[in-house]
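Notes follow once the structure below has been shown.
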Number of protein chains: 2
Amino acid sequence: MTSTAGRAPDAETAKISVAQRAIEQIKTMIAEGELRAGQRLPTERDFAAQLGISRSSIREAIRALTILGVLEIRHGAGVYVTSLRPDDLLETFGVVAEISRGQTLVELLQVRRALESAATAAAAARITDAELAEVRRHLERIGEGGSVEEMVAADRDFHQAIVRAAGNETMAAIVDGLSSMTFRARVWRGHHSSGAVSRLHQEHERIYQALAARDPEAARSTAATHVLEVETWLRANLGDD
Amino acid sequence: MTSTAGRAPDAETAKISVAQRAIEQIKTMIAEGELRAGQRLPTERDFAAQLGISRSSIREAIRALTILGVLEIRHGAGVYVTSLRPDDLLETFGVVAEISRGQTLVELLQVRRALESAATAAAAARITDAELAEVRRHLERIGEGGSVEEMVAADRDFHQAIVRAAGNETMAAIVDGLSSMTFRARVWRGHHSSGAVSRLHQEHERIYQALAARDPEAARSTAATHVLEVETWLRANLGDD
DNA sequence: AACAGCTAATTGGTATGATCACTTGTACTT
DNA sequence: AAGTACAAGTGATCATACCAATTAGCTGTT
């Protein structure tokens, strides 16, 4: 993929489909700066003719790259290259979390543990008062109780605000994709039915205190502990799949 | 009939495209176990009729999910659900690394630093003698010199073997996608022209020693230092984009 | 009966053209 | 001058035909 794109045109690309080749061509155009962020592509009809393939094929290529967050389609207006920023490109990452089951969910949480603890530590070192206040607001939303949906949304916003404060958009996009809403809901429901919600509250509070104290090491360990709690819960409830 | 009648009058699925709805339906079928790993889907013609859409549309949906690593198409044989394992689902992750530039590359390295240091620490705690020997082999391949391509391949194999030894396939797949071959080549060429290759060698050696000593903390810090070295180099050479 | 090779049915891949739906710019109306 | 209506451009969907790869079944030989 990386290596074969630019080189030997015949050997590698001979057997793959027309649409696949079109995908590679467009990717190469972007990688080499021929197509830039925000730029408009030729119309489907023109582009198909230009590449010597049918409209069906170029459409498949365009849709594939749209799925990957590289292109954006505006009905009636044309096809454009996205901003190519991490949050565009990593949107599909969430699909993994959505359809993963069993052991893979545990593995995903381990990834989240590594990333979120690093991000929370970084956030502690550079978070602004305004950002910290926002984190506080989400924390209080969680404490207010309410429907599971509201709790889940507040929970996500809490962690998202922290990770964003770390100043690494790429990491934020990945962490965000790692935990789907349906999975978060499962965790909350599970903790609710077992009366363990207070434990989550405590952990959130500790994370906030570490951030407020601008203590990276405390932030790192409290964040890791929090994800680990979810991890442990999941291991004990894997039978539900 | 399939979509609008079956569920709530969702404002969500009202405006999205036919193909997009088909994608969601297939994903839901997989998430709910209606479609299992390795299972075969109806033929394009049957499936299209079943969902009440055209073959073109179902094809777009199928291709999109193929790109995401969820489905696998076998020409003449049918469409199948993949293993749904992380290495299938995260293959597209590499696209981000391929087309990223500038600041995003730095951010990607920071993600890699967090993940690879965690994975290397885990590997130190559980690596087998056989796995350690494999790591050693790749390390010696790097030391032997040779073409840049060979060095790059050996470098990738070295890190890959370590991350795999951590026992988390998901993390391994992500880390693997984080560093494209073209980027690795850039790093090696850059260090070669500045005579700093020996620094990379030293770092690799230290990582290996930490693994051989089964010392997780040493493994964590040596791995982090190594990625940080690349990170620092990149910051100083961002003008090349 | 067992096996090899060929044939035909099955199924995905591509192409084409028609038609629908959305966006945008422009000319017209008020 | 502002707003509206229209028309051109462009993506969305569909239907159909034909090409290409695979698979299963048949045929023929041994």
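Labels below follow one simple rule: chain letters A, B, ... track the order of the sequence lines, proteins then strands, and each chain is numbered from 1. This structure is a prediction, so every number in the text was calculated from the model and none was measured.
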Can you list everything that forms a side-chain hydrogen bond (donor to acceptor under 3.5 Å, both in side chains) with [X]? Sequence neighbours excluded, please.
X      : result
A:R136 : A:E140
B:E34  : none
A:S56  : none
B:T43  : B:D46

Residue-level proximity of residues 35-42 of chain B to DNA chain D when a heavy atom falls under 4.0 Å: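 Going residue by residue through residues 35-42 of chain B, none turns out to have a heavy atom under 4.0 Å of DNA chain D.
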Strand contacts (DNA chain D) in residues 52-80 of chain A, 4.0 angstrom heavy-atom criterion: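 Here the set is A:R55, A:R59, A:I73, A:R74, A:H75, A:G76, A:G78, A:V79.
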Sequence neighbours excluded - ring-ring contact (aromatic ring centres under 6.0 Å, His included) pairs with any residue from residues 33-90 of chain B: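 Pairs touching residues 33-90 of chain B that pass the test: none.
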For residues 86-100 of chain A, dump all side-chain donor-acceptor pairs below 3.5 Å to protein atoms at least two apart in sequence or in another chain.
from: A:D88; atom 1: OD2; to: A:S83; atom 2: OG; distance (Å): 2.5
from: A:E98; atom 1: OE1; to: B:K27; atom 2: NZ; distance (Å): 3.3
from: A:S100; atom 1: OG; to: A:V96; atom 2: O; distance (Å): 2.5

Return a table of donor-acceptor pairs under 3.5 angstrom between the side chains of residues 157-166 of chain B and protein atoms on other chains or two or more places apart.
from: B:D157; atom 1: OD2; to: B:R141; atom 2: NH1; distance (Å): 2.9
from: B:D157; atom 1: OD2; to: B:R141; atom 2: NH2; distance (Å): 3.4
from: B:H159; atom 1: ND1; to: B:E116; atom 2: OE2; distance (Å): 2.6
from: B:H159; atom 1: NE2; to: B:D155; atom 2: OD1; distance (Å): 3.2
from: B:H159; atom 1: NE2; to: B:H204; atom 2: NE2; distance (Å): 3.2
from: B:H159; atom 1: NE2; to: B:H226; atom 2: NE2; distance (Å): 3.2
from: B:Q160; atom 1: NE2; to: B:D176; atom 2: OD1; distance (Å): 2.5
from: B:Q160; atom 1: NE2; to: B:D176; atom 2: OD2; distance (Å): 3.2

Within residues 60-77 of chain A or reaching into it, pairs that qualify as salt bridge (Lys or Arg N to Asp or Glu O under 4.0 Å) - sequence neighbours excluded: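 Sorted result for residues 60-77 of chain A: A:E60-B:R59, A:E60-B:R63, A:R63-B:E60, A:E72-A:R74.
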Non-neighbouring partners of A:H191 that pass ring-ring contact (aromatic ring centres under 6.0 Å, His included), sequence neighbours left out: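 Applying ring-ring contact (aromatic ring centres under 6.0 Å, His included) to A:H191 gives A:W233.
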Over 12 non-hydrogen atoms of neighbours within 6.0 angstrom of CZ in A:R55: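 Atom CZ in A:R55 is crowded, with more than 12 foreign heavy atoms closer than 6.0 Å.
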Residues within residues 43-50 of chain A bordering DNA chain C, heavy-atom distance below 4.0 Å: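 When residues 43-50 of chain A is checked for heavy atoms under 4.0 Å from DNA chain C, the hits, listed by number, are A:R45.
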